[in-house]
Protein chains: 2
Amino acid sequence: MDENTKKTQKKRERRKEARPAEIIAAAIDLWKVRGFAATRLEDVAAGAGVAKGTIYRYFSSKESLFEAAVEARIVRNIDQADQSAELFGGTTEEALLTFFEKVRREMVEGGSFIFLKVLISEGHRFPELVERYEATVLRRGFEVVRRILLRGVERGELKPEAAEFDPRLVVAPAMMLSLWGTVFPGVGTPDAHQLLRQNVALLIGSLGVE
Amino acid sequence: MDENTKKTQKKRERRKEARPAEIIAAAIDLWKVRGFAATRLEDVAAGAGVAKGTIYRYFSSKESLFEAAVEARIVRNIDQADQSAELFGGTTEEALLTFFEKVRREMVEGGSFIFLKVLISEGHRFPELVERYEATVLRRGFEVVRRILLRGVERGELKPEAAEFDPRLVVAPAMMLSLWGTVFPGVGTPDAHQLLRQNVALLIGSLGVE
DNA sequence: TCTTTTAGTGACTAGGGAGTCATTAGTGTA
DNA sequence: TACACTAATGACTCCCTAGTCACTAAAAGA
């Protein structure tokens, strides 16, 4: 095939700084469609426009490439969460809906579902990675939800008991939906928005004042 | 390392009828702890007390062994669902709790989570299997939930709108919890009962009459 | 310009496990 | 008891890909 996609360019460029990010990006792109195990490092290399050996200058193994990719995404997630002023502008209802939509978009469109997939199926192989993902992404997400609930109570929109409500129950449907959507075509995708809205209604209906 | 577990016994027995079920049972046991991909067929053979070649008398490939295992479990699930009189004896609250507990037990203790794991991570490799699982297990489960809701409305325990409520939202937390429990030690396991109870309270709080 | 450093290369190796098949031996029948 | 049939065996082949390493050449600097 034609590896002359980028026409006028030296074959060998030394771009120490840019390589890791490019390799990670190529890897995630491929993992999204073929999965982690089924994607060969050689394909990743091709996708990033380097030779296989180059990957090993920056990552000591396929797994450590995966770790680095998770790390990169986690950082992005944290940044996003920090700018979450939008979550705390309007009503509790709006905040929940925005949050769910954020989760769904990051998972499905952003491709983060691939990390979950790998952790789910091969997590026992890298327990420390599972640990970090749990601590950094999941717990952080739960924390955001807890803040939304607390603020709702303060604003008088939620009953006081809502402060004790377990965030895992709030988040589970949004995550499950995203996962289902990438596995079972019929179950998750078609009406995600609709369903998330219904989930918000459920929560407000039970935890809301009146 | 001692394969003399069963002491006084011919090394080679011809038991055409029993083999497939034994092989499937051994396979599921191993998959539960090591995962699908990481379990070698030779280990499965050892677990079933046969040689590797024997597996190929009954299953044409590792994947078809997986399919057969899913099939066996699906049948079991259907049988269970058919005896679900216990689901429809008491109040809606009790029915929901029983159902959630059923799901959790089958997933975690029964080991069905391994099918979900494989479908999630490698589902794209056997689309027809995904299709069948979705149609037979998921949709069936959703149907049971719908029946519970409808009956709740009839009994005057749930608002009429509950009849329109999407079963996926009802089931998602129970499934997510089971999955989390097998991946993230801290997130799913410890207080599953407690959490499922809270989920029932949430549903009743929003969909219940009064 | 020549030299040094190191990013980048890709043919090669090593290891592991799925699937094969010629052989062995239970089991039912004549 | 001898024979035929086929369940069961496990050593072997084959393929696949992660990871290596001796080599190549881009850039920096003397």
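Nothing here was measured: the structure is a model prediction, and the numbers come from that model. The chains referred to below are lettered A, B, ... by the order of the sequence lines, with proteins before strands, and numbering in each begins at 1.
The CZ atom of B/Arg57 sits 16 Å away from the P atom of C/dG26 (whole-angstrom rounding). Rounded to whole angstrom, the span from the CD atom of B/Glu17 across to the P atom of D/dT6 amounts to 14 Å. For the pair B/Ile55 CD1 and C/dT20 C1', the interatomic distance rounds to 14 Å; values are reported in whole Å. Nucleotide D/dA18 holds its P atom 15 Å from the CZ atom of A/Phe66, rounded to whole Å. Rounded to an integer number of Å, the gap from CD of A/Glu13 to C1' of D/dA27 is 12 Å. With rounding to whole Å, B/Arg19 atom CZ is found 12 Å from C/dG26 atom P. For the pair B/Phe59 CZ and C/dA18 P, the interatomic distance rounds to 15 Å; values are reported in whole Å. Atom-to-atom, CZ of A/Arg125 to C1' of D/dA18 comes out at 11 Å; the value is rounded to the nearest Å.
Taking all atoms of both residues into account, the shortest heavy-atom contact from A/Leu158 to A/Ile204 is CD2-CD1, 4.3 Å. Of all the heavy atoms in A/Arg73 and A/Ser112, the pair that sits closest is NH1-OG, 3.7 Å. Across every non-hydrogen atom of B/Leu195 and A/Leu169, the tightest pair is O-CD1, 3.7 Å. Across all non-hydrogen atoms, the minimal contact from A/Lys32 to A/Gly111 is CD-CA, 3.6 Å. The two residues A/Trp31 and A/Ile114 have their closest heavy-atom pair at O-CD1, 3.2 Å.
Checked against a 6.0 Å centroid threshold, the rings of B/Phe59 and B/Phe66 do not count as neighbours. Ring centroid separation for the pair A/Trp180 and B/Tyr133 does not come in under the 6.0 Å cut-off.
OP1 and OP2 of D/dA7 both lie 4.0 Å or more from every side-chain N or O belonging to B/Tyr58. Close to C/dT6, at under 4.0 Å from its OP1 or OP2, lies no side-chain N or O of A/Arg14. The phosphate of D/dT9 has OP1 or OP2 within less than 4.0 Å of a side-chain N or O from B/Thr54.
Within a 6.0 Å sphere centred on CD of B/Glu109, heavy atoms belonging to other residues, nucleotides or ligands number more than 12.
Distance alone, capped at 3.5 Å, is enough to place a donor-acceptor pair between the B/Arg34 side chain and the B/Ala38 backbone.
Within a heavy-atom distance below 4.0 Å of DNA chain C, the residues of residues 25-40 of chain B found are B/Thr39, B/Arg40.
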Short heteroatom pairs, N/O only, protein and nucleotides 19-23 of chain D, under 3.5 Å:
from	atom 1	to	atom 2	distance (Å)
D/dG19	OP2	A/Tyr56	OH	3.2
D/dG19	OP2	A/Lys62	N	2.9
D/dG19	N7	A/Lys52	NZ	2.9
D/dG19	O6	A/Lys52	NZ	2.5

